[in-house]
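Positions are given from 1 along the sequence. Remember, it's 1-based here, ligands and their atoms both numbered in the order they're listed.
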Amino acid sequence: MTDRTNKKEEIIQGVAASPGVAHGEVFVIHQRDLEIPVLELESTFIPREIERFERTLVETRKEIMRVRNEVAERLGEGEAKIFDAHLLVLEDTALIDETIRQVQDTHYNVEHCYAEVAQRYIEVFAALDDEYIKERMTDIRDVTRRVLQNLLGQSAQNLYELTSERVVASEDVSPSDAAQLEGSKVIAVVTDAGSRTSHAVIMARSLKIPAVVGLHDITKRLASGDYVLVDGYDGTVIINPGEETLFRYGRLKQERLNIQKAFEKSSLMPAKTQDGVTFKVCGNIGGPEECGAVLANGGEGVGLYRTESLFIGADKFPTEEEQYQAYRRTVEAIQPHPIVIRTLDLGGDKMVSSLNYTQDEENPFMGFRAIRFCLEHTDIFKDQLRAILRASAFGDVSIMYPMISSVEELIQANRVLEEAKEELRHRHAAFDENVRVGSMIEIPGAALVADLLAEHCDFFSVGTNDLIQYLLAVDRVNDRIAHLYQPNHPAVIRTLSQLMAVARKKNIPVGVCGEMAADPIYVPLLFGLGADTISVAPTSLPEIKYLLRRMNFKEAQALAKKVAGLTDPEAIFMALSAFYAQNMGDLFKDEE
Ligand code: PEP
Ligand code: MG
């Protein structure tokens with residue numbers, strides 16, 4: 001037995017965010033507490049101290065460029081833009097000059113002076129009424145940390161530079177960390193903060209990296225070099241797992257892998273239920289490079305193309321032409337299947353770090369985001385609409401508006417769309433004149449007036465991530481209240497049930513594209529309630545299609561009816577789990 005297995009085993013419960021089991025050595029990324037020494041220097045050392053600072057800035061620049069190019073190569077220019085914003089912060093002359101002045105005036109070491117100056121910036125910015133500057137604070141923190149680590153001679157914490165497999169423990173997954181996950185040696189992610197529906201976690205899930213979030217103080221409990229086991233199915237982290245635990249999880253992991261293989265073997269077959277009803281299941285993507293995964297996992301189109309990645313990290317809004325190229329590539333990559341392109345949904349946890357357009361807000365999730373922003377900046381909105389329309393000439397494209405909260409908003413958005421069409425006609429540019437238009441239903445008010453919205457659009461798509469947070473007043477990224485974020489709450493089931501009934505009456509198709517649809521336990525309920533289609537992360541498709549092929553649609557309808565009458569979230573969860581187990585049970589038994 002090795003030394004580490006003699007240590008006491010400790011089990012910590014968090015929130016299961018990305019399925020899978022992994023065990024290995026920990027690599028802790030501390031985003032906050034670097035220990036900065038305070039040293040008073042002889043005046044003869046000051047020029048050398050400043051030289052050291054300048055050398056470090058050059059080194060850090062090279063390092064950021066290296067990460068930037070690596071990410072651009074692996075994930076495309078869009079994902080790499082965040083590092084361009086980092087370079088701007090690094091090269092900010094005010095920050096550099098003030099640090100040098102402080103070293104010269106105070107004779108303190110440069111780490112101390114740089115940390116102080118950067119902290120002052122952060123504090124001043126925090127007090128300013130400017131969303132653009134506030135959003136840049138994350139970049140300043142990221143860059144300051146890099147520079148300080150290099151000054152202190154600590155190794156830089158670039159995930160893609162890990163040379164052996166590690167479980168990464170971090171306070172949260174920053175946008176620059178998330179961009180480095182793909183192709184890195186990260187085998188699992190555990191975080192103090194976060195939730196299942198944050199965008200970094202959605203990314204981990206699509207890369208099949210197990211993740212447990214909402215662990216509160218895991219970065220304090222762990223040190224780099226510790227050994228842990230991560231169970232992304234149950235949301236547990238086991239520190240110093242003993243041999244028995246490793247054996248048990250080794251079997252579980254193998255069983256799950258075998259089961260996953262069984263799912264994947266049949267993922268290209270249609271999702272036809274035992275009683276002959278065929279459902280369409282699609283994939284959610286963030287760019288053209290993800291279309292391959294949708295098709296490989298049996299997706300029959302894209303039900304949600306989140307277009308924000310073109311904007312996040314950019315220092316200016318992408319032009320109509322740049323957007324058109326990206327949308328056209330995506331449309332062509334998913335051919336001959338349909339694709340739903342969602343218009344810009346900036347705000348909430350999809351922050352723009354460098355576009356000076358938003359204002360300071362107490363409550364960004366309920367603020368100036370998504371369609372609200374677009375309707376005030378119709379020039380930006382119209383650029384995007386024209387780009388999508390032009391891409392519609394190359395495939396089966398639908399346009400979808402996020403965060404619609406009223407009929408007026410939908411009418412206004414359609415008006416801008418008509419203007420965009422008119423402008424294209426004027427330019428003799430080709431586009432699909434019959435392009436379908438959908439409204440996301442992710443605000444309770446929209447669900448309540450769905451009958452009215454149905455008069456002005458061709459389809460609905462339910463965004464359960466936001467719908468649940470607004471319906472239950474539970475911030476989707478707040479780990480303190482993650483237990484209250486319940487898709488199995490009767491209010492959620494009732495809202496969905498009423499919405500589906502209205503959609504049926506109005507003869508308008510309804511899809512579900514939030515994370516609730518990616519959890520196989522809820523899939524029979526959603527179809528049983530009347531959903532026509534679902535759209536989920538590509539990696540979730542094989543299991544869902546497998547389940548749909550084994551279940552009976554009539555039984556799913558009976559389940560939905562029964563669940564809609566239940567009042568206790570736990571009872572709802574048990575009924576849904578039992579249905580899932582009945583339909584998948586013998587598969588799991590085969591693998592025991
Ligand atoms: C949702 O809210 O469920 C959704 C699909 O949109 P997003 O997660 O991008 O807010
Ligand atoms: Mg949403």
Check: Ring centres of F365 and Y470 under 6.0 Å apart?
Finding: no
Next item on the list: May I ask you to say whether R372 pairs ionically with D345, meaning some side-chain N is under 4.0 Å from a carboxylate O?
Entry: no
Next item on the list: For L304, take its heavy atoms, then give the atoms of ligand 1 lying under 4.0 Å from any of them.
Entry: 5 (C)
Checklist line | Test log, rule side chain to side chain contact (heavy atoms under 4.5 Å, CB included), inputs Q323 and F317 | finding: CA-CA 10 Å; Q323 292 186 63; F317 280 94; over 6 Å; no
Notebook entry, point to check: Quick one: which ligand 1 atoms are inside 4.0 Å of a heavy atom on D345?
Noted result: 10 (O)
Next item on the list: Tell me whether E442 has at least one N, O or S atom under 2.8 Å from the Mg ion (ligand 2).
Entry: yes
Next item on the list: May I ask you to check if ligand 1 and D466 share an N or O to N or O distance below 3.5 Å?
Entry: yes
Item checked: Presence of salt bridge, R476 and D466, under 4.0 angstrom -> yes
Checklist line | For G463, the ligand 1 atoms whose distance to one of its heavy atoms is below 4.0 Å | finding: 1 (C), 2 (O), 3 (O)
Item checked: ligand 1 contact by E515, heavy-atom criterion under 4.0 angstrom -> no
Next item on the list: Just let me know how R342 lines up against ligand 1, side chain, backbone, both or neither, with a heavy-atom cut-off below 4.0 Å.
Entry: side chain
Check: Touching ligand 1 at all, R476? Heavy atoms, strictly under 4.0 Å?
Finding: yes
Margin query: Taking D84 first and then R68, would you say they form a salt bridge - that is, a charged N and a carboxylate O separated by under 4.0 Å?
Written below: yes
List the atom pairs, with distances to 0.1 Å, where a side-chain N or O of residues 330-339 and a protein N or O form a donor-acceptor pair under 3.5 Å, not counting sequence neighbours.
from	atom 1	to	atom 2	distance (Å)
T330	OG1	A326	O	2.6
E332	OE2	R328	NE	3.1
E332	OE2	R328	NH2	3.4
Q335	NE2	F394	O	3.0

Check: So which of the N, O or S atoms of D466 lies nearest the Mg ion (ligand 2)?
Finding: OD2
Item checked: Set of residues satisfying ring pair (Phe, Tyr, Trp, His ring centres under 6.0 Å) with respect to Y305, sequence neighbours excluded -> Y327
